[in-house]
Structures are given as structure tokens and as C-alpha cells.
Amino acid sequence: MTDPNHAIHWQFTDEPDASLESFISPDYTLRADEELSDSIELYDTFDRALTQAGLALLRRDRRFQIAFADDLRSGSIEAGEAPAERPLFWRDFPKGDARKVLRRHLGLRAATSLASLQRRSQLHLLRNGDEKIVARLWSESASVPKGDSPLQSLSLSPLLGYEEDAEAIAQGLDQAPFLTRGVEPLGHWALRASGKEQAPLSPKQAIRLRPDQTVQEAVTEIASFMIKVARQYEPGIVEDIDSEFLHDYRVSIRKIRSVLSLITGAYPKAEAKRLKRAFRDLAAATSRLRDLDVYLVDEDRYRSLLPPALQDGLDRMFADFRKRRSRERGKVKRHFQSAAYREEMASHEDWFAQERLPKGARADRPILQIAAKEIRRHYKLVRRRGRELSRFTPDEEVHALRLECKKLRYLLELFSSLFPEGDIKAVEKKLKGLQNTLGSFNDAAVQSRFLSDYLVQAKSLDRPTAAAVGGVVAELHRAQLEARSKVARRFAAFDQAATRRRFHKLFKRPDSPSP
Amino acid sequence: MSVIACYSSKGGVGKTSAAVNLAYASAASGYRTLLVDLDQQAAASFYCRIRPPKRLRAKRLLGEKDSGPRAIRETDYPGLHLLPAHRSYRNFDAVLDGMSRSKKRLATLLKRLGKDYDRVILDSPPTLSRVAENIFQAASTLLVPVVPTALSTRTFEQLKDFFQQSGHAPKKLRPFLSMVDRRKRMHRETAAALRESEGRLLQTAIPYSAAVESMGARREPLLHFAPKHPSSQAFRELWQEVETL
């Protein structure tokens with residue numbers, strides 16, 4: 001894709017009371033050329049992946065294009081035809097450069113239509129004394145359905161080599177009282193006018209806490225935020241737009257559970273217990289669906305673990321998974337649409353929003369102190385478990401190390417705003433290296449178990465399926481052993497002196513003033 | 001990216017009108033096309049209504065990195081850009097003489113400029129000189145318009161000899177009949193003779209027409225203001241033939 005050209009834009013901030021021509025130097029002539037009318041749909045994922053990347057996916061009739069978000073008329077690439085009425089994944093587009101771009105930005109998410117706009121444009125051509133076209137001038141009126149007033153703009157594009165002429169013409173147009181330089185990019189305006197410009201909140205966002213907040217204030221803020229984040233995803237889950245809605249919903253719920261478990265004493269024990277159980281049940285209601293999503297998303301990877309001759313043996317298993325997934329999806333949809341669910345979530349929101357929440361043993365302690373204390377505690381546990389590891393350590397103990405790392409990681413994520421950013425990122429990075437290996441170890445074990453269970457449960461198991469699933473289980477076992485063999489090394493990389501010093505510096509006992 | 005030159009050692013044979021119309025046809029086919037006007041008379045530039053930038057000079061064009069790219073202009077026709085000529089181009093030979101690698105300078109320049117284009121078409125000056133040698137070096141095909149007269153045939157023979165002697169591949173030379181007036185017996189007879197003797201002659205012949213002449217007054221390619229004219233049809237066929245070479 002070429003870079004956006006040197007287009008100059010104005011907005012009509014008033015009704016024109018004179019012709020554009022009157023502001024153009026007599027060295028140039030202005031003549032109307034073609035008039036265009038089009039209807040454009042703007043697509044993006046729920047988390048605005050394309051907009052964040054400065055791109056726009058546009059649909060006209062059934063043809064899609066990718067353009068730069070800040071100038072829809074600038075160089076664009078054709079993305080081909082794709083169905084108009086449903087969420088679109090990168091695979092729905094024909095092969096080519098556009099598909100590659102979409103794959104990179106959309107990933108597992110689907111793009112849906114966020115806004116539609118109608119655009120009427122009048123092209124004028126500007127010619128110099130030799131009657132050579134030096135620039136194109138587009139006069140445009142864009143509107144969104146049910147929107148307020150249309151966006152009226154002017155855009156001047158020089159032909160290559162005539163940038164100086166365009167600049168001179170632009171200075172003339174600057175004199176028009178009804179024109180103001182600069183206009184909101186059309187895509188952005190359309191999203192805003194349709195009420196869709198806000199990117200949703202993400203569970204990965206760092207919540208900005210203050211060191212002087214109390215434990216209860218901080219925990220409440222985190223929990224309230226995560227409930228809000230989770231609820232954003234409900235419509236997308238019900239409509240089954242893509243697998244990431246449920247994934248992010250579960251991440252948000254998990255963070256609530258983590259903060260309640262890791263930072264005790266914000267609320268009375270009984271309340272904390274009640275809440276933990278409630279959110280645990282909410283998570284459990286969607287576990288099976290999530291599990292199936294994970295296996296289905298990875299279908300190609302599982303097939304690639306087997307030699308070509310055995311791969312077709314997985315067809316039945318995945319067909320079974322798809323059937324199960326369909327049933328689970330129905331259950332989950334009913335769950336989210338039920339009055340019981342809605343009431344429960346509303347009651348949690350209300351509970352956390354109370355003026356005066358019941359207090360636990362540590363409710364009024366400063367969060368910075370308690371967060372640092374818990375981080376120190378779990379860090380010590382990670383180190384102790386890690387140092388005890390050897391090749392002969394039983395798997396259960398490796399899992400225990402994994403769980404400790406997880407707790408430490410959640411603490412670092414939840415409370416990162418209380419500590420210097422650079423240091424936090426550095427320790428998180430080191431921890432991630434260790435966690436990835438432990439995660440691979442665990443994933444392989446879990447998957448192996450899941451697929452072995454399938455083998456046991458599947459009715460009238462045929463030979464090809466048995467061979468294929470057996471093959472995958474064997475590969476997973478190998479992956480598990482491989483990950484296991486790396487654990488000691490990864491722990492050593494985590495446990496370096498530099499990292500220990502950083503932890504000590506960040507989370508030392510607070511006899512000294514706050515960071 | 002391929003470089004095609006319209007070349008003739010004589011003027012007035014329809015070289016520039018061919019270059020301009022072939023470039024137009026190329027762009028209209030969807031190729032990003034650069035037409036390079038190397039003739040100090042700047043006829044191709046005139047047809048496109050494009051003046052050279054003030055600072056463009058033969059010496060700078062060959063010597064400075066930015067000079068070429070900065071001089072390129074977009075024509076009024078989608079996909080067609082032009083590098084206009086400047087009157088200092090009459091000094092090309094002198095400039096080249098003073099430079100190292102004097103036979104390859106143009107090839108190097110075009111390779112660099114041509115990166116952004118699918119097709120590059122040269123309108124050459126009607127000389128047999130150092131510039132011409134550069135053009136012979138740089139182009140993969142040389143389209144040579146030949147008016148079917150005895151004198152023009154002789155000129156073409158001389159060109160072939162020159163090619164052979166200076167070690168350029170004769171297969172690069174692709175003559176085509178230009179400004180053919182079927183009312184003239186000499187044209188008819190010479191054309192027939194050339195078709196017999198010259199195996200490399202392209203099939204398509206461009207007829208003489210007042211319409212092509214009027215390009216100078218209209219300052220537009222023929223294919224743009226008279227797309228249905230038989231000469232336009234001939235240029236399009238010529239382009240097709242060149243594409244399939």
C-alpha cells in the first residue's frame with residue numbers, strides 16, 4: 001500500500017456564501033468533473049484492532065477494501081468479496097495481500113459492521129495555465145443513518161510533482177471564511193456519529209490505583225472494573241460472534257477471583273467466601289464451552305502433529321467436538337439470557353457500589369503495603385519451590401510451582417500501577433519466561449487427559465480415530481516431557497541475582513517512604 | 001519492469017506520437033507506466049502539457065540521486081507519469097563524455113526510477129551518439145518507426161550495421177511501419193518489400209493521419225481524444241504486439 005498522499009483537508013464550518021472559485025488564484029481554473037454517490041460500511045473487531053492499527057475495512061456492495069483510517073480516499077487495497085450480513089474472519093476473504101493484512105490484525109476475532117455512511121462527492125479539477133490538471137478537489141458530504149448534521153468537507157490532492165501548486169491553491173482556499181483547515185477523518189467521524197468510537201475496556205488494562213488507597217478501596221475498584229469489563233462481552237457471547245468474547249469474559253472473572261483470594265481482609269471472611277464461590281460458579285458455567293473452543297481453534301495444529309496418513313482420523317473427533325460445542329453454546333446462551341444471571345450480576349454490581357462496604361481485617365490498611373507484602377510472600381514461595389526442583393521432582397510439585405507463579409503474576413499485573421513501570425515490566429518479563437514453560441507443561445498434560453477421556457467415552461470407536469487420537473496423545477506426552485526438562489533451566493534464568501535485586505528493591509518492607 | 005525505447009536516428013517519423021500513445025495504452029491496461037522524454041525538443045512533454053521543473057538539468061539528472069524522482073510528474077491520465085525533458089538535454093553527449101561508465105549511466109538511472117513502475121517507455125532524441133548508445137544499453141526493446149520510403153529503409157539498414165558493429169544485440173531492434181500513406185505507390189511497394197526482407201518487422205503498421213498530426217494542437221494523446229479512430233486502434237494493436245514479444 002502506498003502512503004497517504006499529501007492531501008489537504010478542510011471542513012465547511014458555515015454555508016458557503018461565495019463560490020470556491022473566487023478564492024482560487026487566476027493562475028488556475030476550476031472545473032467540475034464527475035459526481036459520485038456511495039454507501040460505505042465500516043467494519044472492525046470488537047476491540048477495534050483495525051482502527052488501532054490506523055486502518056479501515058470498508059464495504060461497498062459486496063466488495064471490501066482496506067484503506068488508511070485517516071484518509072479513506074488514500075491508497076487502498078482491494079480485499080475482494082465476502083458475505084455482507086455476518087461477522088467476518090480473515091479466512092472469509094479471498095487470498096491476497098489484503099487477507100494477509102487482515103490475518104495479522106484480526107487474529108481470532110471477527111469484524112462486524114460498526115457504522116454505515118452515505119457519501120456524496122463532487123470532483124473538481126484544477127488546471128494551470130497550460131490547461132494541465134495539477135490537483136483534484138473533492139467536495140464531500142457524508143451522513144450516517146439517524147445521525148445529526150452531515151460532515152461536509154473539502155479535500156485537495158495534488159498530482160505527483162504539483163505539490164507546490166496545491167499549496168498555493170490551498171492558501172487561497174484558506175481565505176474562505178466558511179472553510180477551516182483540518183477535518184476529522186471520515187471513518188473516525190462516522191464511528192463517532194454512530195456512537196461507536198469508544199474502544200471497549202480490556203481486562204489487560206492496568207487499573208490506575210493510588211498508593212494511599214486502602215485495601216478495600218483498591219480491591220473494590222478492581223472488582224467493579226472487571227465486572228464492567230466482563231459485562232461488555234455478554235452480547236458478543238450470546239450472538240457467538242467469535243471465541244475471544246468468551247475468552248476475555250473469563251479473564252475478567254478470573255481477575256476478580258484472584259484479587260479476592262490473593263488480597264484477603266478487604267471484606268469479612270463470610271462475604272469474601274460468598275463472592276469467591278459466586279464467581280467460581282459463573283466461571284464454571286462457561287468452562288466446557290471455552291475448552292471446546294480452544295480445541296477447535298487449534299484443529300490445524302493437532303492435525304499437523306500426526307503423519308499425513310493418520311490425520312483424517314481426527315475428523316470424527318472434531319465433528320464430535322463441534323456437536324458438543326453447539327450444545328454447550330446453546331446452554332451458555334440460555335445462561336446469559338436468563339433472569340437469574342442478569343439479577344445475579346446486577347446484585348454484584350450493586351454490592352460493590354455500596355457507600356459503606358462491610359470491612360474485613362485489613363480493609364483500612366494502605367494497599368501499597370499489603371500488595372508489596374503479598375508479592376514478597378509469593379515471590380519467596382516461588383523461589384523456595386523452584387530451588388527444590390530436580391529432575392526427580394514429582395509432577396504435582398511442578399504444578400504447585402506453576403500455581404505459585406500464576407499467583408505472583410496476577411499480583412504483579414493487578415498492582416503494577418503502584419510501582420515504577422520499567423521495573424515492573426522487567427520482572428514480569430523474567431517471570432513470563434518461566435511461566436511459559438510451566439504453562440506448556442500443564443497444557444500438554446491437560447490436553448492429553450482431555451483427549452484420552454474422549455477415547456474412553458466415544459461410542460463405537462473406529463480404528464482410524466483411535467489411531468489418530470492415540471497419536472496426538474503420544475505427541476502431547478512428548479511435549480510434556482520436553483517442557484518438563486526445561487523447567488530447571490528456566491527457573492535458573494528467573495532466579496538470577498539481577499532479578500532478585502529488582503524484587504527486593506521494588507517490594508522491600510516499607511520502613512522507607514513510598515517509591 | 002521493462003524498458004522500451006522509441007528510437008529513430010531521423011526526426012519526423014512518428015517516434016514521439018508512438019511513444020506517447022503506447023505509454024497511454026500501457027497505463028490504460030493497468031500498468032504503472034513512466035514515459036521518459038529524453039529529447040531536448042520536449043515534444044512528448046508538450047503533448048502531455050508538462051513543463052520541466054526549473055532546476056532540471058541533464059547533468060543533475062545523471063549525476064544527482066534526487067533529481068530524477070523529483071522531476072517526475074503525474075499526467076492527466078491514470079497510471080501514466082512523465083519525466084519531462086529540459087533544453088539542457090542537448091548537452092547530454094558532452095555531459096556523458098565527462099563521466100565514468102558513460103555507456104551505462106542511463107541504464108542505472110532508469111533502473112532506479114523504474115522501481116516504482118511496471119513499464120518504462122523512452123522517447124529518444126533523433127541522434128546516433130553517446131546518448132543513443134546509452135539508450136541501446138538501457139532498453140530491452142527498441143521500437144524503430146520506419147516510414148516506407150527508399151531513404152528510410154536505407155537509414156534503417158545503417159542502424160542495423162551500427163548495432164552489429166558496436167556489439168548490441170540486433171534482436172532488440174523491432175522496426176514498425178509508421179506514417180504509412182496507402183495512396184502513395186512508393187509506400188505500398190516499400191512496405192511490401194520490407195515485409196519480405198525484414199523478419200523483425202512488427203505486423204502492425206501505423207497509418208498516416210491528420211488526427212495524429214492534430215495531437216500537437218490538441219496537446220493530448222490520440223487514444224484519449226479519439227479512441228475510436230483507426231490510428232488509435234493501430235496504436236493499441238501495436239502495444240499488444242509489443243507486449244507479447
Side-chain angles (χ1 to χ4, degrees), chain A residues 1-8 24-36 63 65 67 71 73-80 94 96-98 121 123-138 155-170, chain B residues 20 23-24 27 30-37 42-56 60-61 66-87 112-120 214-221 224-225:
Chain A
M1 276 174 77
T2 53
D3 281 342
N5 57 22
H6 307 271
I8 304 171
I24 294 173
S25 143
D27 294 334
Y28 304 100
T29 59
L30 180 73
R31 270 207 286 284
D33 198 75
E34 51 177 355
E35 209 182 307
L36 285 178
R63 274 179 43 243
Q65 277 179 322
D71 187 356
R73 217 181 270 296
S74 64
S76 61
I77 52 179
E78 293 298 321
D97 286 337
S121 330
L123 171 64
H124 308 266
L125 296 173
L126 284 147
R127 291 183 170 84
N128 63 12
D130 294 321
E131 283 286 302
K132 167 80 181 71
I133 301 173
V134 299
R136 295 183 182 96
L137 187 67
W138 292 93
S155 121
L156 179 70
S157 266
L159 266 63
L160 181 69
Y162 294 98
E163 292 81 12
E164 277 177 28
D165 296 273
E167 197 41 60
I169 294 165
Chain B
V20 170
Y24 184 97
Y31 294 120
R32 293 168 303 166
T33 308
L34 178 65
L35 176 60
V36 181
D37 189 354
S45 311
F46 182 77
Y47 287 151
C48 294
R49 301 173 184 263
I50 294 176
R51 293 176 191 241
K54 291 200 185 79
R55 294 187 40 114
L56 179 61
R60 289 204 194 110
L61 180 68
D66 293 336
S67 187
R70 275 214 217 115
I72 294 176
R73 301 277 180 268
E74 189 177 336
T75 67
D76 289 1
Y77 318 107
L80 181 58
H81 291 191
L82 172 80
L83 175 53
H86 186 265
R87 49 173 205 277
R112 200 160 35 84
L113 293 179
K115 281 205 176 88
D116 296 328
Y117 299 94
D118 303 313
R119 298 282 182 277
V120 175
S214 75
M215 269 174 64
R218 293 197 58 131
R219 299 181 74 187
E220 279 175 69
H224 188 253
F225 70 83

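Here is the naming used below: chain letters follow the sequence lines, and residue numbers restart at 1 for every chain.
In terms of heavy-atom pairs under 4.5 Å with chain B, the best-connected choice from A:V134, A:N128, A:D130 is A:D130.
Atom CD of A:E164 is surrounded by 12 or fewer heavy atoms from other residues, nucleotides or ligands within 6.0 Å. Atom CZ of B:R32 sits in a crowded spot, with more than 12 heavy atoms from other residues, nucleotides or ligands closer than 6.0 Å. Residue-environment remark: CZ (B:R55) stays at or below the threshold of 12 foreign heavy atoms within 6.0 Å.
Shown here for B:T75 and A:L159, the closest heavy-atom pair between the two residues is O-CD2, 3.4 Å. Residues A:K132 and B:I50 approach most closely at CE-CG1, 3.4 Å, considering heavy atoms.
For the atom pair CD of B:E74 and OH of A:Y162, the computed distance is 9.5 Å after rounding to the nearest 0.5 Å. Atom CD of A:E131 sits about 12.0 Å away from atom CZ of B:R218, to the nearest 0.5 Å.
Interface remark: B:R219 contributes side-chain atoms only to the contact with chain A (heavy atom separation under 4.5 Å).
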